[in-house]
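Below, read A as the first sequence line, B as the second, and so on, with proteins coming before strands; counting in each chain starts at 1.
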2 protein chains.
Amino acid sequence: MTLTAAPYCYTNPRPAVSTDVVIFTIRAQHLKLLLVQRADGGPGGKWVLPGGPVRQDEDLDASARRKLREETGADVYLEQLYTFGRPGHNPRERVITVAYCALIPSDKLQLRAATDAEAVGWFGMDELPGLTSDHSEIVELAHQRLVAKLDYSTIAFEFMPELFALSDLQEVYEIILRQEIDKRNFRKWVLALEQIEETDEERRGGTHRPARLYRVKHPGKVAIIK
Amino acid sequence: MTLTAAPYCYTNPRPAVSTDVVIFTIRAQHLKLLLVQRADGGPGGKWVLPGGPVRQDEDLDASARRKLREETGADVYLEQLYTFGRPGHNPRERVITVAYCALIPSDKLQLRAATDAEAVGWFGMDELPGLTSDHSEIVELAHQRLVAKLDYSTIAFEFMPELFALSDLQEVYEIILRQEIDKRNFRKWVLALEQIEETDEERRGGTHRPARLYRVKHPGKVAIIK
DNA sequence: CCAAAAGTGTTTGAGGTACACCCATGT
DNA sequence: ACATGGGTGTACCTCAAACACTTTTGG
């Protein structure tokens, strides 16, 4: 090992630190998450969560946000999930992973054109390709947390575009919770939160009464609701 | 810098990774947390959270647990809080801190005899000595999270000794929430959770009716309550 | 006029809150 | 007997859940 190959030397061993991001969106009536396939040669390369080493001069949040932007171009809600740090087999190559979770509204959903280096794709929770066990664990935790947060926060609003109908929002809840919700009760509940407001726009589409459109009052801020 | 002084070399810079633990207990009718004072020479050494570098072969949880044991001898409820990783001034000496929170029941509260190297002490939230700004931030977050969790989990039970009276438990809630609670309503609520059970022990103490003692049904497991 | 989604109120039950007195003991 | 904390029940109110029909539009 030469100095030019490994010029960063410490008196104690140090782990490599990466961030991995679970990026969720709602698409085609399903909750999906983004995976990338590194072109490590073979055609059946492993799909993995977007992620990689934290730069030395970069905050953890910034690192996760950079990866989010690199893959999706979107700059949206992002929160730290959990930090995983099982020692690996090789003590000199230990990796610590700070996992993040991001939510993309359907209207900001345009994948960055895949580079030569990797393919990107959205996968439903039921159709995930084989992931490494730590990536499975991260995805599992992110999903649990998302479901739990629907109950006590306005996190689901982060999936909504600028303008949306109440039935769009209801659909998001139904998709994530995997259960139907009574329309009248849902409307009463969500309006009572006072976190969305009516606009005077409406949306006509198809052979039925147009839907009134709403907007999130404080976009990007997730409120805790008791 | 010689090879023997810095034998661990990498092609990219790596941060040092530490764990810091916020250790809470209830003592003398106050919520207190443990700080240590490194004997860095001067008498007015800085008080800091117990913490330090993660060993290379050690899980993050294990690292936090080790520090918990080193300072208190106790092996109790511990959860990961958040990971902080602002880049510091010197890019070669960046530190990433994984913060944990631990809760010690009053009966397991015996501080390890302080070594020559450091003093240890319990401080109320209102009487904290000046901490570094990142330690303040960690303490703040741990406190918020504790208060929030009282509402939707049985985390407060982790403060209880093996056997306790309902009024002891109520007192814990009152201390942390800083508000009085109606005795009858509290008892109805806590019993309806079905997470503690009556024993046939009672405690006599002072000039009044003895208190029935209860026990936590699933010690060490924090239940989420709707 | 028909199909399709949008929109709207009322009743009921569970659980949370407010509130005051009797009980068992030690001195 | 009295002071001290331990222990109990009821009335009310709020909020979540169940439930069905009318409205507006496009074809």
Side-chain angles (χ1 to χ4, degrees), chain A residues 26 28-29 106 147-154 156 160-161 163-175 177-215 223-226, chain B residues 26 28-29 106 148 150-154 156 160-161 163-175 177-215 223-226:
Chain A
I26 303 279
Q29 326 255 71
S106 40
V147 170
K149 281 210 159 188
L150 284 204
D151 250 36
Y152 66 90
S153 80
T154 58
M160 305 316 290
L163 292 177
F164 56 91
L166 292 184
S167 50
D168 299 338
L169 183 55
Q170 180 173 342
E171 200 184 14
V172 168
Y173 277 86
E174 289 176 334
I175 288 168
L177 298 175
R178 293 174 182 277
Q179 64 176 2
E180 299 201 337
I181 300 172
D182 179 84
K183 204 200 313 188
R184 285 163 292 186
N185 292 338
F186 178 79
R187 283 162 183 252
K188 260 178 294 180
W189 172 78
V190 77
L191 291 174
L193 294 179
E194 300 193 312
Q195 295 289 329
I196 63 176
E197 60 192 2
E198 209 173 304
T199 67
D200 28 272
E201 307 288 315
E202 47 184 37
R203 184 176 62 202
R204 323 170 88 81
T207 162
H208 55 79
R209 181 168 173 179
R212 165 110 303 134
L213 297 181
Y214 291 75
R215 136 182 340 124
I224 302 301
I225 58 193
K226 93 131 276 162
Chain B
I26 303 279
Q29 326 255 70
S106 39
L150 283 204
D151 248 37
Y152 66 89
S153 80
T154 59
M160 305 316 291
L163 293 177
F164 56 90
L166 292 185
S167 50
D168 298 339
L169 183 54
Q170 180 173 343
E171 199 183 15
V172 168
Y173 277 86
E174 290 178 333
I175 288 167
L177 297 175
R178 294 173 182 277
Q179 65 175 2
E180 299 200 337
I181 301 173
D182 179 84
K183 205 202 309 191
R184 285 164 292 188
N185 293 338
F186 178 78
R187 283 163 183 249
K188 261 179 294 180
W189 172 79
V190 78
L191 291 173
L193 295 178
E194 300 192 314
Q195 295 289 327
I196 62 177
E197 60 193 3
E198 209 173 305
T199 67
D200 26 274
E201 308 287 316
E202 45 185 37
R203 186 175 61 203
R204 322 171 88 79
T207 163
H208 55 78
R209 182 170 172 177
R212 164 111 301 134
L213 296 181
Y214 291 76
R215 131 180 347 120
I224 302 301
I225 58 191
K226 83 132 279 158

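The stretch residues 177-189 of chain B comes close to DNA chain D through B:Lys183, B:Arg184, B:Arg187, B:Lys188, each having a heavy atom under 4.0 Å from the strand. Using a 4.0 Å cutoff on non-hydrogen atoms, no part of residues 197-206 of chain A comes near DNA chain C.
Taking CD from A:Glu174 and CG from A:Leu169, the interatomic distance works out to 10.0 Å, rounded to the nearest 0.5 Å. Rounded to the nearest 0.5 angstrom, A:Thr154 OG1 and A:Leu193 CG are separated by 8.0 Å. Note that CG of B:Leu191 and CG of B:Leu166 are 5.5 Å apart. Values are rounded to the nearest 0.5 Å.
Scanning all heavy atoms of the two residues, the minimum distance from B:Ala165 to B:Leu213 falls at N-CD2, 3.7 Å. Smallest separation of non-hydrogen atoms from B:Glu201 and B:Arg212: O-NE, 3.7 Å.
With sequence neighbours excluded, the residues satisfying side chain to side chain contact (heavy atoms under 4.5 Å, CB included) with B:Ser106 are B:Pro161. With sequence neighbours excluded, the residues that form a side chain to side chain donor-acceptor pair (under 3.5 Å) with B:Arg203 are B:Asp168. Looking at residues two or more places apart in sequence or on another chain, you find no side chain to side chain contact (heavy atoms under 4.5 Å, CB included) involving A:Thr207. In this structure B:Glu171 satisfies the side chain to side chain donor-acceptor pair (under 3.5 Å) test with no other residue, sequence neighbours excluded. For B:Glu202, the side chain to side chain donor-acceptor pair (under 3.5 Å) partners at least two apart in sequence or on another chain are B:Arg204.
Sorted by first and then second residue, the side-chain hydrogen bond (donor to acceptor under 3.5 Å, both in side chains) pairs with a member in residues 187-200 of chain A read A:Asn185-A:Lys188; sequence neighbours excluded.
Taking the side chain as every heavy atom from C-beta outward, A:Ile196 and A:Phe164 approach each other to under 4.5 Å. Side-chain contact between B:Val190 and B:Tyr173: absent, with no pair of heavy atoms (C-beta onward) separated by less than 4.5 Å.
Remark on DNA chain C: of its neighbouring residues B:Thr207 and A:Ser167, the 5'-side contact belongs to A:Ser167, judged by nearest-heavy-atom nucleotide. Each of B:Lys226 and B:Arg212 was matched to the nucleotide of DNA chain D holding its nearest heavy atom; the match closer to the 5' end belongs to B:Arg212.
Heavy-atom contacts of chain B under 4.0 Å fall on DNA chain D between two terminal nucleotides, which in 5' to 3' order are D:dA3 to D:dT10. Of all nucleotides in DNA chain C having an atom under 4.0 Å from a heavy atom of chain A, the first and last in 5' to 3' order are C:dA3 to C:dT10.
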